[in-house]
Amino acid sequence: MAQKPSIPKGTRDFSPEVMIKRNYIFDTIREVFKLYGYQPIETPAMENLSTLMGKYGEEGDRLLFKVLNSGEFLGKLNEDQKATTDANKFATFISEKGLKYDLTVPFARYVVQHQNEITFPFKRYQIQPVWRADRPQKGRYREFYQCDVDVIGSDALLNEVELVLIIDAIFRRLGIETEVKINNRKILAGIAEIIGEPDRIIDITIAIDKLDKIGLEAVNAELAEKGIQKDAIDKLQPIILLEGILKEKFPKLMEILQDSEIGMRGLEETMTIMKYLKELDLKTHWTLDLTLARGLNYYTGAIFEVKAKDAQMGSICGGGRYDDLTGIFGLPNVSGVGVSFGADRIFDVMNELDLFPESAQIGTQIMFANFGFKEAQYCLKAVTRLRQAGINAELFPDSGRMKKQMSYADSKKIRFVALVGESEMNENLITLKNMESGDQRKISIEELIKEFTY
RNA sequence: GUGAUUGUAGCUCAGCUGGUUAGAGCACUGGAUUGUGGUUCCGGGGGUCGUGGGUUCGAGUCCCAUCAUUCACCCCA
């Protein structure tokens, strides 16, 4: 027996039925992006590892797929290199490219490389797959599509507001009820400063990010385990537990953070964004969530995360502001902000909640049965006319068994089958069969086109 | 990287405390019906039971190893 074929862990094939639904998501997202004035770009699947490494935190580096060098790379190694037992270090000798991990870092690289061609602020969108060497599980894949929108070269907080508008517009169109959590890395930095652990922002935020998942005690235990001083943890408690509506939260936070310059700036930014949002007619709910941290290292200002309300799924969209990303590549003082929509998770949510509209799933609308050479010649002209009128039409390629042709139409869920034999040709009519009701009648091509196009 | 779970037909699975020739549904295919599908009826093909070893008179079933899957943790879209 032939070897059973398979595909790598965490990757998937997409059947036509699935692709139609996926394209519905991509089309919707792309349409909204364009509506807000964003322009498309693409970047390679592979980047130089030097571009990717160190941008996503320790965990991110571990999850990068590395591409083996071509050629006899082993022969080029010296004895010391060959003797390396540390796999990560050894990898740097035999691999200098990696599959991209997200779209933001390649975008920053793109901006730096093309800075002379770009007019700032640059609003771009990018819909491409990314790869992560994670253990797959529900809603987590090793190859998945991100749909990024970013504005780079503008500090204005209006950009953050626009991103929330885009989030609202997209999920409104897709019919997903969402909740947008907003926070600010500067607030988190301020909190870390106030409690006397300014260098531990990441550990602190990652721990409190788990609050609603594992509870307060477990969070405190994790903080202690990470080496955060006890009095610092104690100071953190009132902040973590800060509840209530925004109007109450902000004054309290201002009091807590008053001695932290960065914290106060974060608060001001967040308040400005929310003053804008308050006046807008948004369907999505949005909140200030101090426990929102986001693991990616490069965020410096506002951070966002979107969750679907009615589904058990991780975040379906996330992002934030990054001030220094282009600086790493040699173009300082260019701040960017953007969010990324996780198409695969959005698909899973929509599938679970059965949100794909029937109208988005139209394939072939009418199929012409094939009775032989002369009939096919005649039908070929007819399908051409239908196609010119924008109707999805096909002619069955093989003449012969009607059963086979009808089952084909049936399995493709084609609603109408046109039967044109000798008598129809003589009358210049076609027999149109409705596959749902089983009814059939004779009509002219002109009438047919009219009916399909209204 | 950690902890569980499951591997039997193309797919979803059944197969009892080990016992003759390993089953079902779906899918595919042929016919009933050579200008009519989806429903019905009859027939057909398709399996090294994930892989390797062990226990046994005998292993799909028990044991060990290994690979793969799914789920959770870490982290994330």
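Here is the naming used below: chain letters follow the sequence lines, and residue numbers restart at 1 for every chain. What you see is a predicted model; the values in this text were computed from it and never measured.
Evaluation of the side chain to side chain donor-acceptor pair (under 3.5 Å) rule for Tyr110(A) yields no partner, not counting sequence neighbours. The side-chain contact (heavy atoms from CB on, under 4.5 Å) test applied to Lys230(A) returns Asp234(A), not counting sequence neighbours. Under the side chain to side chain donor-acceptor pair (under 3.5 Å) criterion, Arg387(A) pairs with no residue, sequence neighbours left out. A search for salt bridge (Lys or Arg N to Asp or Glu O under 4.0 Å) contacts involving Lys123(A) returns Glu162(A), not counting sequence neighbours. In this structure, Asp61(A) has no salt bridge (Lys or Arg N to Asp or Glu O under 4.0 Å) partners at least two apart in sequence or on a different chain. Residues forming a salt bridge (Lys or Arg N to Asp or Glu O under 4.0 Å) with Glu58(A) (at least two apart in sequence, or on another chain): none.
Salt-bridge annotation for Lys412(A) and Glu394(A): present, with a side-chain N of the basic residue lying under 4.0 Å from a carboxylate O of the acidic one. Under the 4.0 Å criterion applied to side-chain N and carboxylate O atoms, Glu143(A) and Arg132(A) are not assigned as salt-bridge partners.
With Tyr141(A) as the aromatic partner, Arg12(A) meets the cation-pi criteria of under 6.0 angstrom to the ring centre and within 45 degrees of the ring axis.
The phosphate of C73(B) has neither OP1 nor OP2 within less than 4.0 Å of any side-chain N or O from Lys210(A).
No donor-acceptor pair closer than 3.5 Å links the side chain of Thr11(A) to the backbone N or O of Ile7(A).
Taking atom C1' on both C11(B) and A72(B), the two are 27 Å apart, rounded to the nearest angstrom. With both ends at atom P, the span from G1(B) to G58(B) equals 40 Å, rounded to whole Å. Atom P of G60(B) sits at a distance of 10 Å from the matching atom of U21(B), rounded to the whole Å. Comparing U61(B) with U56(B), their P atoms are spaced 16 Å from each other, to the whole Å. Of the C1' atoms belonging to C13(B) and C57(B), the separation is 32 Å, rounded to the nearest Å. Only the C1' atoms considered, A27(B) is 38 Å distant from C64(B), to the nearest whole Å. Atom C1' of C76(B) sits at a distance of 45 Å from the matching atom of G38(B), rounded to the whole Å. For the P atoms, the distance linking A59(B) with G50(B) amounts to 15 Å, nearest Å.
The nearest whole Å value for the distance from the CG atom in Leu63(A) to the P atom in G1(B) is 11 Å. Summarising the geometry, the separation between CG on Asp150(A) and P on A77(B) is reported as 13 Å, rounded to the nearest angstrom. For the pair Arg132(A) CZ and C74(B) P, the interatomic distance rounds to 16 Å; values are reported in whole Å. For the pair Phe26(A) CZ and A77(B) P, the interatomic distance rounds to 16 Å; values are reported in whole Å. The nearest whole Å value for the distance from the CG atom in Asp13(A) to the C1' atom in G10(B) is 14 Å. Going from atom CD1 of Ile206(A) over to atom P of C73(B) covers 15 Å, rounded to whole Å. Atom CG of Asp61(A) and atom C1' of C74(B) are 16 Å apart (whole Å). Taking atom NZ of residue Lys181(A) and atom P of nucleotide C76(B), one finds them 13 Å apart after rounding to whole Å.
Base pairing in RNA chain B gives the following stems of 3 or more Watson-Crick or G-U pairs, range against range and under 3.5 Å: B:1-4 with B:70-73, B:10-13 with B:23-26, B:28-32 with B:40-44, B:50-54 with B:62-66.
At a threshold of 4.0 angstrom between heavy atoms, the contacts of Asp102(A) with the nucleic acid are absent.
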Show which side-chain atoms of residues 366-378 of chain A pair as donor or acceptor with protein atoms under 3.5 Å away, not counting sequence neighbours.
| unit_1 | atom_1 | unit_2 | atom_2 | d |
| --- | --- | --- | --- | --- |
| Asn370(A) | OD1 | Gly372(A) | N | 2.9 |
| Asn370(A) | ND2 | Phe396(A) | O | 2.9 |
| Asn370(A) | ND2 | Pro397(A) | O | 3.3 |
| Tyr378(A) | OH | Asn428(A) | OD1 | 2.6 |

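Among residues at least two apart or in separate chains, there is no side chain to side chain donor-acceptor pair (under 3.5 Å) pair with a member in residues 395-404 of chain A. Pairs engaging residues 92-103 of chain A under the salt bridge (charged side-chain N to carboxylate O under 4.0 Å, His left out) rule: none recorded [sequence neighbours left out].
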A correct 5'-to-3' footprint of nucleotides 34-43 of chain B, with B, S and - meaning base, sugar-phosphate only and no protein heavy atom under 4.0 Å, is -BBBB-----

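Sorted by residue number, the members of residues 135-147 of chain A with any non-hydrogen atom under 4.0 Å from RNA chain B read Arg135(A), Gln137(A), Lys138(A), Gly139(A), Arg140(A), Tyr141(A), Phe144(A), Gln146(A).
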